[in-house]
Novice: 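Sending over a structure as structure tokens; questions will come in a sec.
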Amino acid sequence: MRLIRNALVQCLAVLLLALAVLLAVRPPIPASLLTFYLAVIGVGLGVYITATTERMESFWRPLHALLILDRLRPARWGVLLALPVLAAGQTAWSLLPTRQAPATLRVIHPAPPTQIRFEGRSINLREARNPLRAAKASEPRAFAAHVETGRRVYYQNCFQCHGDNLAGDGPFAHAFNPRPANFQDLGTIAQLQESYLFWRIAKGGPGLPPESAPGRSAMPRWEGRLSEEEIWAVILFLYEMTGHPPRTWD
Amino acid sequence: MAKPCRNAHGLWLSPATGGWALAAGSLLPALSVLAAEVAAGPAYRAFPWIGSRVAVWIAAEVHLMFAAFVLGVPLFAVIVELGGMLTREARYDRLAKEFSKLVTLATSITAIWGGILLFLLVTLYPRFWNYLAGVFLPTLWVYPLLFLLELISIYLYYYSWDRLPGGAGKWLHVGLGVWLNGVGTALLVLANAWATFMMTPGGLNPATGELVSLWAAVSNYAWMPINIHRLVANVTFGGAIAAAYAAFKFMAARSAEERAHYDWMGYVGMMIAMWSFLGLPFAGYWLMREIYAYDQTMGITMMGGFLSWVWIIQAVVISVLFLGLNYYMWCGLERIAGGERYQPFIKYLLAVLVLGVLVWATPHSLVVTPEEVARMGGTHHKVFGVLGVMSAKMTAVNLMILASAIGFLFYRRANKIATHSRARLLGALQVATFGGAIVFIVYLGIDGYFVPPIVRVEQYSVWQVLAVLAAIVVTAAIDLVLFRHCRFIGPIHWGRMAPRSQYALVLVAVTFTWLMGLMGYVRSASRQHWHVDKILEDTSPDAFSPTLGFAANIVSLCTALFLGLVLLIFWINSLTEARAARPTAGAAAVPPGSAAAD
């Protein structure tokens, strides 16, 4: 009981529990995120220990005893030797050659340019609106026809990668790294304006800015294959099918 | 200017506050001569060693930090003075005067850095300066006059303190303080117009770039959100620096009275910093909303593009502030008789704060290896990916604010026992209010994933904020009733504070300074290769975005410069104090054992 009340024991228990929970998560958490989470929890524990003098003393008591008591000499030597050995082991481990490419910070949704050229014409992405969306309120039949056009375009050109249900799991999807975007995910098209999607569809992977590492997206450039209206129509379809409304500021 | 000239980008901070130096009155003739020369002269000149951009960056940032301090401290100094007048407690008056003294010392350094910034802008970026002066010419005439008024008001406010000690004279002095703050706020909003115009310009003919409306140029998209954001942030910053000053004095104190006084001063500074700080995230959301409304490209550049990781750094840094401020408060329970009753709750509040940090700082774009991407089945993690978007972060921040407010209530009642006849009911009401707010915030946070972004941004985020504010106001009001005629367990032992708590105050001040620098960088960097967004392009050799690491180094350098100069001010202040008589215990100083907590 006395052991459980000790702040050092409590902190170690929390840290180990947090580590166990984070390691149990599936799919595995990226190492960068795991390290960050553990660091924050560690800082939190530091705050917890030092917030009261009594707890701080409770935390240091076993460490102090370890450093000065004669009866703990073997344990002291064990710890003092284990620390540099662990540090050396970690250093050696991190220096081992690996086949894995280094971790990268890829910007998933890079900032679009203000203006793009599409089939020889300038389109201002800041002001561009989906011209077919206006029909939703005024001409429901025409709107349904546009969505239908979008559906046709999608299943002729896009579903192989983005999937039947727009979840980024089409038959080709597993061959790509990074995987095609999952439109059902709340972190993708639900966060974006329609003009952004127009840019991404029209210009594809080759049109990505440097921070998104051009060439790492297999998305083709659809300019020249799809007309402007077809692109706007497929955008309508994506939002209608997923149920996500596009980001607007009106 | 008939056609927008292709031009600069690297002005990391606005030239806005450069006008400080105009107050000296000596720069106006020089400016007009230079302005006439630039039409035929070069667009840019080079600065030796560090380059023009970094030179302007440092001058602007350090100047801005001092300006924030000089404008922020009088805002609460006058409130503290008024409090002292109404409660007839001399310690408040002494505290307000001490705050003001720091301002008078810092004002001259502010002006010097403003002068440096202005000379650098005019000489290194003459074409840009010429353009901005052309758009804002009338304001450049008003600004130095305002500054002159500010300068006179600051000195008059401080030096008339002892000459207007009581009665009508004291009211006049408080009125002078209010006037000083009015002038200071006018300066702030005017300078903000220049800064925000560079970012979200308005009032221009889109085809020619010529000015159509000066008012529209001033009241551009980002102007009002920045005004509010900076006004509040200046108070926070001023409070944090004043608290660090108190910590410095506390640790150097040689008597119990001195320690008690500076412990109390640190507490007041920290409270000012904390309560104003809680309002900052709300002002920040508004600013970002306006930026997105102005141009999604700029919004995505900041939040999702190459600057997105700065927001993760920001989340970590603000988390340090949350933890630092709460930590100080928790340490403070030890100096209050009865405070030990609330210490067991610290772990729960800390758990909310730590979980909040984990959610807030979870990035949307992860740093991953190709193998990790393959294992996750995509670039987003199926479990933690949902934490990378606004709904989760808004919820986390609001819960962190509520946890801080609950912590403060614990602190406030630490040495009190409620004797109200309906104490149980009132206590239950407080619990129900906090509980209701938490449930409501979490509900909106979850539902926020399933509503259009416009609803999330314009309605849910506002409701969450209102729920937090309502909970804080209602529970504080109940607390006032609950403990109006309470029984005190014992005194607050001012001065009996662990040194580690004072380091927390210093940490908060350093962190806040660094955060200001970082956010200044983000705001300016969002323009990328433009001096004035989409109007005046940067064609200088510095027309590229530096790496985040480089930016962080410059921000650190600015922070070190600012804090070094602040330390110099503290030291100069201590020289004058050494000659003055020490305060007598009991009269002006806080008694080491006092029941007052607020």
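Every chain is numbered from 1, with letters handed out A, B, ... down the list of sequences. A quick note: this is a predicted structure, and the numbers were derived from the prediction, not measured.
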Novice: Regarding Asp295(B) and Lys534(B), does a basic nitrogen lie under 4.0 Å from an acidic carboxylate oxygen?
Specialist: yes
Novice: For Ala190(A), is there any backbone N or O sitting under 3.5 Å from a side-chain donor or acceptor partner on Tyr239(A)?
Specialist: no
Novice: With a 4.5 angstrom heavy-atom cut-off, which part of Leu358(B) approaches chain A: side chain, backbone, both or neither?
Specialist: both
Novice: So if I take each residue of residues 384-395 of chain B and look for any heavy atom under 4.5 Å from a heavy atom in chain A, which residues do I end up with?
Specialist: Phe384(B), Leu387(B), Val389(B)
Novice: How about Phe345(B) and Phe410(B): are their ring centroids closer than 6.0 Å?
Specialist: yes
Novice: What part of Tyr328(B) lies closer than 4.5 angstrom to a heavy atom of chain A: side chain, backbone, both or neither?
Specialist: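 Looking at Tyr328(B), nothing touches chain A.
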Novice: Indicate yes or no: does Lys203(A) engage Glu223(A) in a salt bridge with an N to O separation below 4.0 Å.
Specialist: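 Yes.
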Novice: Heavy-atom pairs under 4.5 Å with chain A: which of Leu353(B), Val383(B), Val354(B), Leu350(B) has the most?
Specialist: Leu350(B)
Novice: Does any backbone or side-chain atom of Ala504(B) lie under 4.5 Å from a heavy atom of chain A? Answer side chain, backbone, both or neither.
Specialist: neither
Novice: Parallel, tilted or perpendicular: which describes the rings of Phe183(A) and Tyr154(A), with under 30° parallel and over 60° perpendicular?
Specialist: perpendicular
Novice: Which region of Gln343(B), side chain (C-beta onward) or backbone (N, CA, C, O), has a non-hydrogen atom less than 4.5 Å from a non-hydrogen atom of chain A, or is it both or neither?
Specialist: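 Contact with chain A involves both backbone and side-chain atoms of Gln343(B).
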Novice: Please classify the contact between Arg375(B) and chain A as side chain, backbone, both or neither, with a heavy-atom cut-off of under 4.5 Å.
Specialist: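 Both backbone and side chain of Arg375(B) come within 4.5 Å of chain A.
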Novice: Is it true that Glu240(A) and Lys136(A) have a side-chain N and a carboxylate O under 4.0 angstrom from each other?
Specialist: yes
Novice: Can a salt bridge be assigned to the pair Glu194(A) and Arg247(A) using a cut-off of 4.0 Å between side-chain N and carboxylate O?
Specialist: no
Novice: Output all residues satisfying ring pair (Phe, Tyr, Trp, His ring centres under 6.0 Å) with Phe322(B), sequence neighbours left out; order by chain, then residue number.
Specialist: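 Listed in chain order: Phe277(B).
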